[in-house]
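First comes the structure, then the notes that go with it.
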Amino acid sequence: MARTKKRSGKTTIIGAVMLIAAVIWGISRLNSSADNRPDGGTAEQRIEYIKSFGWDVSIAPTSIKEIRIPANFDEAYEQYNALQREQGFDLRKYRACYAYKYTYDILNYSEPSPVPICANIIVCDGKIIGADISSSEANGLVTVLAKSDS
């Protein structure tokens with residue numbers, strides 16, 4: 001005959017408290033990471049963010065597109081996300097999510113270019129989750145938002 005142990009109420013209460021504490025900690029971590037993202041819900045916030053890196057941009061975006069961050073990253077998207085991680089962003093957190101990409105013409109790019117050089121800002125739920133500087137040409141410029149001194 002197998003003996004069964006009787007669990008004390010004390011053990012059950014301690015386990016429940018630990019579970020609740022873990023859930024609260026997890027929720028607070030999610031909220032705190034979301035709070036560290038720059039605001040980008042308004043045009044003024046997006047433009048101010050771009051200007052903070054030394055760029056002058058058009059007042060109105062030249063393009064606004066709804067995009068979907070892929071659920072599975074191919075090699076090109078992994079490379080793009082590496083660029084985002086250099087800036088403190090990580091698009092892996094937003095896999096399969098929809099966001100908006102706002103494109104602004106850069107007015108003070110130092111090198112002449114036959115195609116416009118643009119700042120792209122990716123916004124999800126009013127927060128900036130990604131950014132880059134790029135040209136529209138195939139295999140063209142794609143770099144971080146930080147302005148180089150060259």
Side-chain angles (χ1 to χ4, degrees), residues 11-150:
T11 304
T12 303
I13 291 172
I14 291 171
V17 167
M18 288 177 69
L19 179 63
I20 290 169
V23 168
I24 291 171
W25 177 81
I27 290 171
S28 69
R29 291 280 299 172
L30 286 174
N31 288 337
S32 69
S33 66
D35 292 341
N36 292 336
R37 297 175 296 161
D39 290 326
T42 68
E44 292 81 16
Q45 291 168 332
R46 291 186 297 274
I47 291 171
E48 190 60 37
Y49 183 74
I50 296 167
K51 284 184 173 186
S52 73
F53 292 94
W55 298 110
D56 292 328
V57 293
S58 55
I59 294 174
T62 55
S63 170
I64 302 171
K65 293 181 183 174
E66 185 177 35
I67 62 170
R68 183 174 181 268
I69 310 298
N72 299 308
F73 289 6
D74 61 11
E75 184 178 334
Y77 220 92
E78 285 290 354
Q79 290 176 353
Y80 182 70
N81 194 51
L83 178 117
Q84 295 304 324
R85 291 188 2 239
E86 284 181 43
Q87 305 177 102
F89 299 118
D90 188 351
L91 296 176
R92 289 180 296 190
K93 298 175 184 177
Y94 302 95
R95 289 178 184 211
C97 290
Y98 287 90
Y100 286 93
K101 181 173 104 173
Y102 297 87
T103 301
Y104 296 87
D105 283 341
I106 292 181
L107 306 175
N108 64 333
Y109 193 73
S110 60
E111 298 174 25
S113 175
V115 295
I117 303 297
C118 303
N120 297 298
I121 302 294
I122 302 171
V123 177
C124 184
D125 296 328
K127 297 289 187 174
I128 297 172
I129 63 167
D132 68 75
I133 300 295
S134 66
S135 67
S136 59
E137 61 190 351
N139 298 319
L141 169 77
V142 178
T143 189
V144 296
L145 197 59
K147 187 176 181 180
S148 68
D149 293 331
S150 54

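Nearest heavy atoms, Ser58 versus Thr62: OG-CG2, 4.5 Å. Considering every non-hydrogen atom in both Ile128 and Arg37, the closest pair reads O-CB, 3.7 Å. Nearest heavy atoms, Ile122 versus Ala99: CG2-CB, 3.8 Å. Of all non-hydrogen atoms in Ile121 and Leu145, the two that sit nearest each other are CD1-CD2, 4.2 Å. The shortest heavy-atom contact between Asn81 and Leu91 is OD1-N, 2.7 Å. Between Tyr104 and Pro61, the closest heavy-atom pair is CE2-N, 3.6 Å.
Rounded to the nearest 0.5 Å, atoms OG1 (Thr42) and CD1 (Ile47) are 8.5 Å apart. Note: Gln84 CD to Ile129 CD1 = 8.5 Å, rounded to the nearest 0.5 Å. To the nearest 0.5 Å, the span separating CG on Asp105 from SG on Cys118 amounts to 4.5 Å. Between the SG atom in Cys124 and the NZ atom in Lys101 there is a gap of 15.5 Å [rounded to 0.5 Å]. With rounding to the nearest 0.5 Å, the separation of CD1 in Ile69 from CZ in Arg92 is 13.0 Å.
The closest donor-acceptor contact from the side chain of Ser134 to the backbone of Leu141 lies at 3.5 Å or more, if one exists at all. Checking side-chain atoms of Glu48 against main-chain N and O of Glu44 turns up no donor-acceptor pair under 3.5 Å. Looking only at distances, a side-chain donor or acceptor of Arg46 sits under 3.5 Å from a matching main-chain atom of Gly40.
A salt bridge is defined here as a Lys NZ or Arg NE, NH1 or NH2 lying under 4.0 Å from an Asp or Glu carboxylate O, and Lys127 with Asp39 meets this definition.
Proximity of the aromatic rings of Tyr49 and Phe53 is defined here by a centroid distance below 6.0 angstrom, and this criterion is met.
Within 6.0 Å of atom CG in Asp74, more than 12 heavy atoms from other residues, nucleotides or ligands are found, so the atom counts as buried in its surroundings. More than 12 heavy atoms of other residues, nucleotides or ligands sit less than 6.0 Å from atom OH of Tyr109. Atom CG of Asp56 has more than 12 heavy atoms from other residues, nucleotides or ligands within 6.0 Å.
Legend: residues meeting ring pair (Phe, Tyr, Trp, His ring centres under 6.0 Å) with Tyr77, ordered by chain and number and at least two apart, are Phe73, Tyr80. For Phe89, the ring pair (Phe, Tyr, Trp, His ring centres under 6.0 Å) criterion is met by no residue, not counting sequence neighbours.
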> Given the rule in the side-chain contact (heavy atoms from CB on, under 4.5 Å) test, do Ile106 and Asn108 qualify, once you have shown the distances and angles that lead to the verdict?
Replying inline: CA-CA 6 Å; Ile106 292 181; Asn108 64 333; 3.6 Å; yes
>> Set out, in order, the CA-CA distance, both residues' side-chain angles and the distance that settles side-chain contact (heavy atoms from CB on, under 4.5 Å) for Ile50 and Tyr102, then state yes or no.
In response: CA-CA 11 Å; Ile50 296 167; Tyr102 297 87; over 6 Å; no
>> Evaluate Gln87 against Val144 for side-chain contact (heavy atoms from CB on, under 4.5 Å), listing each step before the verdict.
In response: CA-CA 7 Å; Gln87 305 177 102; Val144 296; 3.6 Å; yes
>> Could you walk me through whether Thr143 and Asp132 satisfy the side chain to side chain donor-acceptor pair (under 3.5 Å) test, starting with their C-alpha distance in whole Å, then the side-chain angles of each, then the deciding distance to 0.1 Å, before giving a yes or no?
In response: CA-CA 6 Å; Thr143 189; Asp132 68 75; over 6 Å; no
>> Ile133 vs Asn120, test: side-chain contact (heavy atoms from CB on, under 4.5 Å). Steps then yes/no.
In response: CA-CA 6 Å; Ile133 300 295; Asn120 297 298; over 6 Å; no
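Glu66 is listed as a side-chain neighbour of Tyr98, based on a closest heavy-atom distance under 4.5 Å.
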